[in-house]
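The structure appears right after this line, and notes come after that.
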Protein chains: 2
Amino acid sequence: MRSTARDVAKMAGVSISTVSRALSAPQKVATGTRQKVEQAARTLGYDPNLAARELATGRTGNLGLVIPDLENPFFASVTKAVQARARAAGHAVFVADTDEDTHQEPRLVRSLARQVDGVILCAPRVTDAELAALEAAAHTRMILINRTCGDMPSVTADHVDGVRQALRHLRALGHRHIAYAGGPSRSWADQQRRAGLTTAAEELGDVTVDDLGAFAPVFSGGMAAADLVLASGATAVLAYNDLMAIGLLARARERGVEVPGELSVVSFDDIPLAVAVSPALTTVAVPVGMLARTAVDLLTEMIDEERTGAVGPPARRSRLDLPVELKVRGTTGPRR
Amino acid sequence: MRSTARDVAKMAGVSISTVSRALSAPQKVATGTRQKVEQAARTLGYDPNLAARELATGRTGNLGLVIPDLENPFFASVTKAVQARARAAGHAVFVADTDEDTHQEPRLVRSLARQVDGVILCAPRVTDAELAALEAAAHTRMILINRTCGDMPSVTADHVDGVRQALRHLRALGHRHIAYAGGPSRSWADQQRRAGLTTAAEELGDVTVDDLGAFAPVFSGGMAAADLVLASGATAVLAYNDLMAIGLLARARERGVEVPGELSVVSFDDIPLAVAVSPALTTVAVPVGMLARTAVDLLTEMIDEERTGAVGPPARRSRLDLPVELKVRGTTGPRR
DNA sequence: TTGTAAGCGTTATCAA
DNA sequence: TTGATAACGCTTACAA
């Protein structure tokens, strides 16, 4: 049987409330008694019951993470980083995968809300209106990764600048006709990149961008995009993510098109696999670990702040446009 | 403010215990009152406080999952399947990544044990002794995936048969000298495959197996293995997992060695990426979704059984040696 | 069939 | 600095 604070109190010869204090607010207890309590707790292997604590304090100590697809390496990395950072801060994390089903997002958030202090929504696909409604109704703190929505707290990367870097790079290599193989139309990142495409093309002046439409953000989506790219006459293509780029590469090879000889390819994310394929992907690296850690930090700050009663200046709730970096590798080369 | 069972009771004009019954044991309540309660609960948006329920019942409704590395696609798939199945059964799941650090395993299990009804340990690297000690001390139910330990509940795939299938396939193609690029020595799957190698080689009689040692179960490990393979004179290689095989392929290409022309490669897992690389991987498919779902089902059975007081015959606690299937694709061909 | 009341194990308030 | 004691919100005998 697990021992409780009662047992510790009995063994240490103090009251149960002293046990509670000695363990969670050591400075409010005499050194001697604290040591007695600690000793007793240790020998009994005492471990506070978290449900009881939650019931008394109203705080769970847990976080929730909702993501579109764990089998997408980008989201796997987000998840890995989130749970690592959360644990370092003393929080456990519930993970819920929507399987790219928009309708699951509100459902999962509501479900998690019952047992967490806050939830991180990674790249949610729901509309702004639904998201706002969710925030109002879910009874929990929320923070977004790779998505913005009104003044909701969020952490994002600078996709617009990423597109600019990619386009400049391609232009410098001589490319003037560039295709874009987009991702899910509900994806905020995709919308950002499309916007970036427009402004960057204007800045550059002499490049034309060919929007090929939306594809599944996975290998097969890239395969599908490849044929459209080749038919478009573009000499370079920007792919929504690395997975698609890999599919694109595979299909190009099947069709006997050399990369980067006849076609240059740039993508987004820089997943671990990006350097593993051959040729290695030229890609705009999104700082996934930083996004995840920042989101956890911001969320825990929100939680602590509310707990301690919000003194001091109102904290900044978002970190927007974290810098991205173009990694030039093997899939881009001079136009010929 | 969230409403409680008190509020519902008041509105429905019944006692608080009737509310509890009406909602969790509807058959123990008159139809009329049940409807009143349900109605009140609905209009108030009542949602039972889980911490209070846990405190009263001793059950959390949560599961824990401990895995070596979320960025390994195999484990990402396990995680995805586990959380999907668990949610379908009404459980939320905590995910904890050890980052391939053996010492984190007991730590994380103990930590999770406080807030779950059971934990799934996926491919743990700790020794049998440590695992047994952990089970004894952790105060929670545990089930293993891809690992056995005494009579602990576990779910495994038939790696030995997988090796046999792979070796027969290679032998049929004319290969007689086959290298093995192993994974982490603490990996049970690796040990199984080594054992399978010995027995299969004996069965076949005329093939020699060259054990190249242990490599990191990732892309770079495969790169490292590649040079040893080429130096060994083997005409085919068995790689611990698909990730390594992909690394191996990349390095072979760098060195101008054609696959499958000059070297055949077989690996394990059949991660989504296996069909995405080129040539597509010939690999022994491990039924990852089935492993995960079976583990969840078995674990929830254990939980329910204990709750209801274990009537009926003792249930089987393990599902061992789930069938694996060799997928012949592009990385294997006749010896020449 | 329903209500009363006793826990479950903490934290937190208020006296002492 | 410490100790009673009242929450926290639910489930579950036991009585009615």
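Sequence lines set the chain letters: A, B, ... in the order given, protein chains first and strands last, and positions in each chain run from 1.
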**OP:** Answer yes or no: are there more than 12 heavy-atom neighbours, outside M152(A) itself, under 6.0 Å from its atom CE?
**Re:** yes

**OP:** List the protein contact pattern of nucleotides 10-16 of chain C with one symbol per nucleotide (5' to 3'): B for base contact, S for sugar-phosphate-only contact, - for none; contact means a heavy-atom distance under 4.0 Å.
**Re:** BBBB---

Original post:
Minimum heavy-atom separation for D128(A) to T148(A), with atom names?
Top reply: OD1-O, 4.0 Å

Original post:
Quick one: which of R114(A), H139(A), R110(A) gives a side-chain hydrogen bond (donor to acceptor under 3.5 Å, both in side chains) with D47(B)?
Top reply: R114(A)

Subject >> Sub-4.5 Å side-chain heavy-atom contact between Q39(B) and K36(B) >> reply: no

Subject >> Gap between atoms CG and C1', on D7(A) and dC8(C) respectively (whole Å) >> reply: 14 Å

**OP:** Flag the pair Q83(A) / V95(A) as yes when at least one side-chain heavy-atom distance between them is below 4.5 Å, and no otherwise.
**Re:** no

Subject >> 4.5 Å side-chain heavy-atom contact, R59(A) and D304(A) >> reply: yes

**OP:** At the 4.0 Å heavy-atom cut-off to chain B, mark where contacts on DNA chain D begin and end, going 5' to 3'.
**Re:** dG9(D) to dA13(D)

Original post:
Any donor-acceptor pair under 3.5 Å linking the side chain of D99(A) with the backbone of D101(A)?
Top reply: no

Original post:
Does R2(A) come within less than 4.0 Å of D7(A), counting only side-chain N to carboxylate O?
Top reply: no

Original post:
If we fit an axis to the first five pairs and another to the last five of the helix from dT1(C)-dA16(D) to dA16(C)-dT1(D), what angle do they make, to the nearest 10°?
Top reply: 40°

Original post:
So how far is it from T79(B) OG1 to L70(B) CG, rounded to the nearest 0.5 Å?
Top reply: 4.5 Å

Original post:
Roughly how many Å is it from NZ in K36(B) to C1' in dG3(C), rounded to a whole number?
Top reply: 13 Å

Subject >> Ionic contact status for R317(B) with E305(B), cut-off 4.0 Å >> reply: yes

